[in-house]
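Predicted, not measured: the structure shown is a model, and the values here were computed from it. Side-chain atoms are counted along with the backbone in the values below, which use heavy atoms only and exclude waters and symmetry mates. Heads up: numbering here begins at 1 and tracks the sequence.
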Amino acid sequence: MEKTLGHEHFMKAALEEARKAFAKDEVPIGAVVVYKDEIIGRGHNLRETLADPTAHAEILALREAGKHLGDWRLEDCLLYVTIEPCPMCAGAIQQARVSTVVYGAKDAKAGAIDSLIDIVRDGRFNHQVKVVGNVMANEAAQIMKDFFKRLR
């Protein structure tokens, strides 16, 4: 898949989604799904708003992308997410056959790509996902720090 726009361009869109979550008093994580240099899915955390434990940014963006394409297989898509995905989201990324996940900051407590375990590149699964980490990591981490500082 040819990519002409840079990772920072789409990570900025994911950061916009994270700011939407922040404004709703949700943990500020945002995600976008990109197909042929076009954003086809957007999401930000809505767990509190929807009272739904699965309403993570990545899941919501993947759902929207699947509806856009009319297919659950997102093989030629890239997912941009501000924070390293948790086990649930990493599993969904792998199951959706996303080609590449690009994330901002690592999540030492719940990250399931580089921090604790690696679900998306585990060769025992029938699909592996390419990974690019630490894209605009400082910006992504700062939004999280600001959010949790505000809670205290």
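- Of all heavy-atom pairs spanning Ala105 and Ala140, the tightest one is N-CB, 4.0 Å.
- Residues forming a side chain to side chain donor-acceptor pair (under 3.5 Å) with Glu17 (at least two apart in sequence, or on another chain): Lys20, His44.
- Pro87 and Ala110 make their closest contact through CD-O, 3.3 Å (heavy atoms, listed as atom of the first residue, atom of the second, distance).
- Panel note: side chain Asn45, backbone Val27; a donor-acceptor pair is recorded below 3.5 Å.
- Every residue two or more places apart in sequence or in another chain was checked for a side chain to side chain donor-acceptor pair (under 3.5 Å) with Asn134, and none qualifies.
- Within the 4.5 Å cutoff, no side-chain heavy atoms of Lys36 are placed close to those of Asp76.
- When the salt bridge (charged side-chain N to carboxylate O under 4.0 Å, His left out) test is applied to Asp114, the partners found at least two apart in sequence or on another chain are Arg121.
- Distance alone, capped at 3.5 Å, is enough to place a donor-acceptor pair between the Thr82 side chain and the Gly30 backbone.
- To the nearest 0.5 Å, atoms CG (Leu78) and CD1 (Ile39) are separated by 11.5 Å.
- For the salt bridge (Lys or Arg N to Asp or Glu O under 4.0 Å) condition, the pairs that include at least one residue of residues 132-152, sequence neighbours left out, are Asp25-Arg150.
- A continuous path of hydrophobic side-chain contacts links Ile113 to Val129 [ILVMFWY only; heavy atoms under 4.5 Å].
- Minimum heavy-atom separation, Ser99 to Cys77: OG-O, 2.8 Å.
- In terms of modelled atom types and a separation under 3.5 Å, the side chain of Glu58 and the main chain of Ile93 share no donor-acceptor contact.
- Met11 and Val131 fall within the same hydrophobic cluster, where Ile, Leu, Val, Met, Phe, Trp and Tyr residues are linked whenever their side-chain heavy atoms come under 4.5 Å apart, directly or through other members.
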Donor-acceptor list for residues 59-73 side chains, cut-off 3.5 Å, not counting sequence neighbours:
residue, atom, partner, partner atom, Å
Glu64, OE2, Arg42, N, 3.1
Asp71, OD1, Arg73, N, 3.1
Asp71, OD1, Arg73, NH1, 3.2

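- Side-chain contact between Met144 and Ile29: present, with at least one pair of heavy atoms (C-beta onward) separated by less than 4.5 Å.
- A pairwise comparison of heavy atoms in Pro85 and Ala90 identifies CB-N, 4.0 Å as the closest pair.
- Listed by first then second residue, pairs satisfying salt bridge (Lys or Arg N to Asp or Glu O under 4.0 Å) with a partner in residues 83-106 number zero, not counting sequence neighbours.
- The distance from the CG atom of Leu46 to the CD atom of Glu48 is 10.0 Å, given to the nearest 0.5 Å.
- Residues Val98 and Tyr35 fall within the same hydrophobic cluster, defined by Ile, Leu, Val, Met, Phe, Trp and Tyr side chains chained together at heavy-atom separations under 4.5 Å.
- Atom CD in Gln95 sits 11.5 Å away from atom CG in Leu74 (nearest 0.5 Å).
- Here the OG1-NZ distance, from Thr49 to Lys24, works out to 6.0 Å after rounding to the nearest 0.5 Å.
- There is a path of hydrophobic side-chain contacts, each under 4.5 Å, that joins Val81 to Ile40.
- Under a 3.5 Å cut-off, the side chain of Gln128 and the backbone N or O of Val120 do not form any donor-acceptor pair.
- Residue pairs that meet the ring pair (Phe, Tyr, Trp, His ring centres under 6.0 Å) test with at least one member in residues 97-149, sequence neighbours left out, are Phe22-Phe147.
- Smallest separation of non-hydrogen atoms from Ala137 and Gly104: CB-O, 3.5 Å.
- Shortest non-hydrogen contact noted between His7 and Tyr80 is ND1-OH, 2.8 Å.
- Both Val34 and Met136 sit in one connected hydrophobic cluster of ILVMFWY residues. Membership requires side-chain heavy atoms under 4.5 Å apart, directly or through other members.
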